[in-house]
Amino acid sequence: ASVCVIGIGGVGSWTVEALARAGVGRLVLIDFCCVSRQNISRQICALEHTVGTPKVAVMQQRLQEINPSIRVEALHMKLTVDNAAAMLDERGPFECVVDAFDETAVK
């Protein structure tokens, strides 16, 4: 299966790990934030040594350690009203797109 997860924070980070452990073969991760110390209490990607690193990069490495055959595309960029359709069309098709981000204007 191919799944896109938009937002790798408190919901998205846990979601992508569960999908990888469940055997999803391809994940596209989209998030423009880097790990901060404030994330450590609630996000699986947030550890002291990952502070300052893009969340998608941390999760890509983590997922490949869980399942070396998984295909992960990590996009460190902001999804906007202007780029959302093209970005998803270029990387699809997806069986599922997970909305785990805060930007209500794009939804």
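To the nearest 0.5 Å, atoms SG (Cys4) and CD (Glu95) are separated by 12.0 Å. For the atom pair Ser2 OG and Arg71 CZ, the distance stands at 7.0 Å (nearest 0.5 Å).
Within the 3.5 Å criterion, the main-chain N or O of Phe32 finds a donor-acceptor partner in the side chain of His76. Judged by distance alone, the side chain of Glu73 and the main-chain N or O of Val28 form no donor-acceptor pair under 3.5 Å. The main-chain N or O of Asn83 is found under 3.5 Å from a side-chain atom of Thr80 such that the two form a donor-acceptor pair.
Met77 has its side chain within reach of Met87: a pair of non-hydrogen atoms, C-beta onward, lies under 4.5 Å apart. By the 4.5 Å heavy-atom criterion applied to side chains, Ile70 and Leu27 are counted as neighbours. Put simply, the side chain of Asn39 does not reach to within 4.5 Å of the side chain of Cys45, judged on heavy atoms. The side-chain heavy atoms of Arg21 and Ile66, taken from C-beta on, include a pair separated by under 4.5 Å. Using a 4.5 Å heavy-atom threshold, the side chains of Met59 and Asp31 count as separate. The side-chain heavy atoms of Val3 and Val98, taken from C-beta on, include a pair separated by under 4.5 Å.
In this structure, Val16 is a member of the same hydrophobic cluster as Val24, with clusters built from ILVMFWY side-chain heavy atoms closer than 4.5 Å. Leu75 and Val56 end up in different hydrophobic clusters when Ile, Leu, Val, Met, Phe, Trp and Tyr side chains are linked at under 4.5 Å. Cluster annotation: Leu19 is connected to Val72 through the hydrophobic network of ILVMFWY side chains, with a link wherever side-chain heavy atoms come within less than 4.5 Å.
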Enumerate, atom names and distances included, each donor-acceptor pair closer than 3.5 Å involving a side-chain atom of residues 5-14, sequence neighbours excluded.
residue, atom, partner, partner atom, Å
Ser13, OG, Gly9, O, 2.6
Ser13, OG, Ile44, N, 3.3
Trp14, NE1, Arg42, O, 2.9

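Environment of CD in Glu17: crowded, with over 12 heavy atoms of neighbouring residues, nucleotides or ligands closer than 6.0 Å.
When hydrophobic side chains of Ile, Leu, Val, Met, Phe, Trp and Tyr are connected at separations under 4.5 Å, Ile40 ends up clustered with Val35, Val51, Val58.
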Would Gln60 and Lys55 count as a side chain to side chain contact (heavy atoms under 4.5 Å, CB included) here? Give the steps. CA-CA 9 Å; Gln60 181 177 35; Lys55 293 177 183 181; over 6 Å; no

Take Ser69 and Asn67, measure what side-chain hydrogen bond (donor to acceptor under 3.5 Å, both in side chains) needs, and give me the verdict at the end. CA-CA 5 Å; Ser69 65; Asn67 177 0; 2.8 Å; yes

